[in-house]
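For reference, the structure discussed in these notes is given below.
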Amino acid sequence: CTAPTATRTSPATVSACIGGNVTLNAIHSGTVGTRIWKKNGVALSIGSSTTVHPSSITLNNLQATDAGLYVMEVTGPCGTSSSSPVSLSV
């Protein structure tokens, strides 16, 4: 049994302006049961300023508090894997 993999496809460092939008991308392979995005190790709650797609997350109306390290974490029947982080500065 092999754990799924998550791979960052965005640059390692992304900069954006306050009030702007940014999309972070990662892909996954293998059997995936759940896929979540984390900021600084904490699962993101999806709200009106966050849109999740199968291989990306879009953060809208950025604020200084949105800066941090973002990873995609995938879990399947054989384990869990996280992408390498994207460092977002706002």
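Along the sequence shown, residues carry numbers from 1. Just so it is clear, the values below take in all heavy atoms, side chains as well, and ignore hydrogens, waters and symmetry mates.
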Nearest 0.5 Å, please: how far is CD1 in Ile57 from CZ in Arg35? 10.0 Å
4.5 Å side-chain heavy-atom contact, Leu44 and Val52: no
Please determine, by modelled atom types, if Thr5 and Ser29 share a side-chain donor-acceptor pair under 3.5 angstrom. yes
Can you check whether Thr31 reaches Pro77 side chain to side chain, under 4.5 Å on heavy atoms? yes
OG of Ser56 to CH2 of Trp37, rounded to nearest 0.5 Å, is 7.0 Å
Roughly how far, to the nearest 0.5 Å, is CG of Leu62 from CD1 of Ile18? 9.0 Å
Side chain to side chain donor-acceptor pair (under 3.5 Å) partner of Thr58, chosen from Asn21, Thr23, Thr50, Asn25: Thr23
Taking the side chain as everything from C-beta on, heavy atoms only, tell me whether Thr2 gets closer than 4.5 Å to Cys78. no
Rounded at 0.5 Å granularity, tell me how far CE in Met72 sits from CD1 in Ile27. 9.0 Å
When you look at Val22 and Asp66, which way does the side-chain contact (heavy atoms from CB on, under 4.5 Å) test go after all the steps? CA-CA 11 Å; Val22 67; Asp66 291 315; over 6 Å; no
Looking only at non-hydrogen atoms, find the nearest pair between Ala3 and Thr80 and report the distance. CB-N, 4.3 Å
Between Gly19 and Asn61, what is the shortest heavy-atom contact and its length? CA-OD1, 3.6 Å
Minimal non-hydrogen separation, Gly79 against Pro4, with atom names: O-CD, 3.5 Å
Looking at Cys17 and Val90, what are the two nearest heavy atoms and their distance? C-CG1, 4.1 Å
Apply side-chain contact (heavy atoms from CB on, under 4.5 Å) to Thr7 and Ser83, showing your working. CA-CA 5 Å; Thr7 305; Ser83 65; 5.8 Å; no
Atom CZ of Arg8 and atom OG of Ser82: how far apart are they, to the nearest 0.5 Å? 13.0 Å
For residues Leu24 and Val71: do they belong to one hydrophobic cluster (side chain heavy atoms under 4.5 Å, members Ile, Leu, Val, Met, Phe, Trp, Tyr)? no
Tell me the closest heavy-atom pair linking Ser89 and Ala67, and the distance in Å. CA-CB, 4.3 Å
